Amino acid sequence: MGRVGVLLLNLGGPERLEDVRPFLFNLFSDPEIIRLPIKGLQKPLAWLISTLRASKSRENYRQIGGGSPLLKITEAQATALQQRLAEMGREVSVYIGMRYWNPFTEEAIERIKRDHIKKLVILPLYPQFSISTSGSSFRVLEEMWQQDPYLRLTEYTLIPSWYDHPTYLSAMADLIARELEQCPNPDQVHIFFSAHGVPQSYVEEAGDPYQREIEECTRAIMRTLNRPNQYTLAYQSRVGPVEWLKPYTEDALKGLGEQGIKHLLVVPISFVSEHIETLQEIDIEYREVAEEAGIEHFQRVPALNTHPMFIESLSQLVVKSLEEKPTTFEQITHPKANMKMYPQERWEWGMTTAAEVWNGRLAMIGFLAIIIELITGQGPLHFVGLL
Ligand SMILES: C=CC1=C(C)c2cc3[nH]c(cc4nc(cc5[nH]c(cc1n2)c(C)c5CCC(=O)O)C(CCC(=O)O)=C4C)c(C)c3C=C
Ligand SMILES: [Fe+2]
Ligand SMILES: [Fe+2]
């Protein structure tokens with residue numbers, strides 16, 4: 001075997017407040033995040049949404065110190081993984097490829113080519129697969145492999161998801177157990193898994209396995225934890241006017257408050273590093289919602305970051321994938337062409353049933369909303385939370 005590399009895939013985050021708008025532009029330019037019927041509309045719409053959303057998003061990043069900690073944490077994870085693999089007798093170079101910010105996936109591939117890597121393990125830092133996250137990065141890589149004759153000579157294997165890996169589950173259970181041990185009545189604490197949401201259409205129409213993997217992962221963590229605590233799973237970070245996976249975190253928190261739950265331990269479940277959704281959305285926004293709902297103790301489990309058991313699980317995944325038959329891009333879930341994500345694209349299907357007619361109307365509302373917001377800087381998209 002020639003030189004071996006591991007490519008860690010991640011989302012990327014703006015490091016400075018000036019990066020927020022261009023970062024959002026990159027994110028909304030991704031057809032796996034917003035799919036439009038007319039390809040030429042993708043960039044103008046991305047420009048529009050990123051420009052309009054930037055100030056709200058910038059304020060959130062300002063609240064967590066002026067930028068995303070994601071790159072620093074991912075770098076520490078890469079270093080720890082490389083060291084652990086060396087201890088296991090595997091001389092492997094670990095690279096980082098971000099989808100929407102530096103260092104971009106394209107730059108990582110250039111470095112991999114320069115280093116003459118002959119076999120590459122592609123490992124997303126998302127435990128569960130979604131077409132909007134790992135799927136989007138795989139699509140970018142697949143296109144690069146198709147277009148670059150040099151890359152076609154590089155053997156690769158994908159690790160699509162690893163939400164059920166026993167060492168990862170033990171690391172999650174360890175983090176939860178440590179927090180519970182600090183509580184006066186550990187068994188009375190309600191464990192609240194908060195997963196990043198995706199639009200319902202991803203699961204129902206495009207066949208995204210994300211929801212199933214999240215649910216299985218939650219159950220497996222609870223089995224590994226082996227404690228009697230009650231638990232809830234809900235979905236956070238909804239963007240835009242369409243339906244996302246339910247229950248929404250905000251509604252679930254209010255419901256638990258009404259049931260008289262007083263002590264909550266929140267477990268972020270779809271991401272392995274601290275980032276804006278843990279540090280700002282959970283720690284600041286959802287804490288407020290919970291307190292208003294009468295929940296007196298609101299605690300959060302830290303993200304895995306460089307937890308040794310977590311790094312161990314990544315190294316085991318890499319070693320196993322090098323020994324197994326490679327998994328290729330063709331074997332990965334691809335979204336269907338007619339997947340619906342935002343109302344404005346629905347006019348394509350607006351002619352048949354009553355429901356489809358309603359979809360068509362929503363499409364027109366979506367476009368009108370954008371035009372109104374472009375002119376006034378305010379409007380219905382702010383109201384529904386898209387901007
Ligand atoms: C598994 C994790 C994630 C899924 C699934 C996901 C889907 C998804 N996200 C958006 C829109 C936005 N995401 C943003 C930031 C962001 N998203 C994730 C993870 C998942 N996203 C992370 C880790 C981050 C933060 C990175 C950081 O800076 O720390 C943002 C920007 C922030 C904001 O303005 O709120 C947007 C917008 C959609 C639409 C989507 C599924 C379709
Ligand atoms: Fe958010
Ligand atoms: Fe996101």
Side-chain angles (χ1 to χ4, degrees), residues 9-11 27 30-35 99 124-139 158-165 168-169 172-173 176 190-225 230-256 266-273 275 277-278 281-282 286 301 303-304 327 331-343 345-346 355 359 385-386:
L9 299 175
N10 213 335
L11 188 120
L27 188 134
D30 181 358
E32 252 71 66
I33 291 285
I34 301 183
R35 182 170 295 262
R99 181 67 183 88
L125 286 176
Y126 307 99
Q128 308 84 12
F129 180 91
S130 167
I131 47 187
S132 64
T133 53
S134 308
S136 169
S137 288
F138 288 166
R139 181 181 56 77
L158 304 174
I159 302 179
S161 66
W162 37 273
Y163 63 94
D164 52 358
H165 190 274
Y168 157 72
L169 294 172
M172 288 298 292
I176 298 172
H190 192 96
I191 300 178
F192 188 96
F193 291 95
S194 192
H196 198 297
V198 293
Q200 255 172 32
S201 61
Y202 279 51
V203 175
E204 287 165 11
E205 293 165 36
D208 197 337
Y210 181 73
Q211 185 178 22
R212 179 182 53 74
E213 294 193 2
I214 287 279
E215 288 174 0
E216 285 180 15
C217 182
T218 309
R219 282 194 294 269
I221 294 172
M222 285 308 293
R223 268 198 308 276
T224 313
L225 181 66
Q230 296 284 309
Y231 74 98
T232 299
L233 166 64
Y235 295 90
Q236 66 173 85
S237 315
R238 174 172 172 241
V239 182
V242 295
E243 300 245 304
W244 281 44
L245 295 181
K246 286 181 181 154
Y248 299 141
T249 291
E250 192 166 334
D251 298 341
L253 290 173
K254 288 178 188 160
L256 290 173
V266 182
V267 184
I269 193 187
S270 14
F271 213 62
V272 296
S273 314
H275 64 291
E277 323 284 10
T278 54
E281 201 165 356
I282 297 180
Y286 292 137
V301 163
L304 287 165
T327 302
Q331 289 164 254
I332 301 304
T333 311
H334 290 278
K336 290 175 196 146
N338 67 348
M339 198 171 115
K340 301 167 191 176
M341 295 192 194
Y342 277 75
E345 73 196 72
R346 293 191 176 186
N359 287 342
L386 179 58

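Keep in mind that what you see is a predicted model, and the values were worked out from it rather than measured. All residue numbers in this chain count up from 1 along the given sequence. Because only heavy atoms are used, hydrogens play no part in the values below, and waters and symmetry mates are left out as well, while side chains stay in.
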Atom [atom1] of [X] and atom [atom2] of [Y]: how far apart are they, to the nearest 0.5 Å?
| X | Y | atom1 | atom2 | result |
| --- | --- | --- | --- | --- |
| Gln230 | Met222 | CD | CE | 8.5 Å |
| Ile282 | Ser237 | CD1 | OG | 7.5 Å |
| Glu213 | Asp208 | CD | CG | 8.5 Å |
| Gln211 | Trp244 | CD | CH2 | 13.5 Å |
| Ile159 | Thr327 | CD1 | OG1 | 8.0 Å |
| Thr218 | Leu233 | OG1 | CG | 4.5 Å |

In chain order, what residues pass the side chain to side chain donor-acceptor pair (under 3.5 Å) check against [X], with sequence neighbours excluded?
| X | result |
| --- | --- |
| Gln128 | none |
| Thr278 | Glu274 |
| Ser137 | none |
| Ser270 | Tyr210 |

Taking ring-ring contact (aromatic ring centres under 6.0 Å, His included) as the test, write out the residues that go with [X], two or more places apart.
| X | result |
| --- | --- |
| His275 | Phe271 |
| Phe138 | none |
| Phe193 | Tyr231 |
| Tyr286 | none |

Inset, instruction - Could you tell me which residues satisfy salt bridge (charged side-chain N to carboxylate O under 4.0 Å, His left out) with Glu215, sequence neighbours excluded, listed by chain and number? - result: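 Scan of Glu215 (salt bridge (charged side-chain N to carboxylate O under 4.0 Å, His left out), adjacent residues dropped) gives none.
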Inset, instruction - Just jot down the salt bridge (charged side-chain N to carboxylate O under 4.0 Å, His left out) partners of Arg212, sequence neighbours excluded, or say none. - result: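 In terms of salt bridge (charged side-chain N to carboxylate O under 4.0 Å, His left out), with neighbours along the sequence ignored, Arg212 is linked to Glu216.
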Would you say the side chain of [Y] lies within less than 4.5 Å of the side chain of [X], judging by non-hydrogen atoms?
| X | Y | result |
| --- | --- | --- |
| Asp30 | Arg139 | yes |
| Leu9 | Arg99 | no |
| Ile221 | Ile191 | no |
| Ile332 | Phe129 | yes |
| Cys217 | Ile269 | yes |

Legend entry - Counterpart residues, side-chain contact (heavy atoms from CB on, under 4.5 Å), relative to Leu27 (two or more places apart):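 side-chain contact (heavy atoms from CB on, under 4.5 Å) list for Leu27, sorted by chain: Phe23, Ile33, Tyr100.
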Inset, instruction - Can you see which heavy atom on Tyr235 is nearest to which on Ile214, and at what distance? - result: OH-CG2, 3.7 Å
Inset, instruction - Over all heavy atoms of both residues, which pair between Val301 and Pro268 is shortest? Give the atoms and the distance, please. - result: O-CD, 3.6 Å
Has the side chain of [X] got a donor or acceptor atom that lies under 3.5 Å from a matching backbone atom of [Y]?
| X | Y | result |
| --- | --- | --- |
| Gln200 | Leu245 | no |
| Ser161 | Tyr163 | no |
| Trp162 | Pro124 | yes |

Inset, instruction - Given side chain to side chain contact (heavy atoms under 4.5 Å, CB included), test Val272 with Tyr126 step by step and report yes or no. - result: CA-CA 7 Å; Val272 296; Tyr126 307 99; over 6 Å; no
Inset, instruction - Take Met172 and Val267, measure what side chain to side chain contact (heavy atoms under 4.5 Å, CB included) needs, and give me the verdict at the end. - result: CA-CA 9 Å; Met172 288 298 292; Val267 184; 3.7 Å; yes
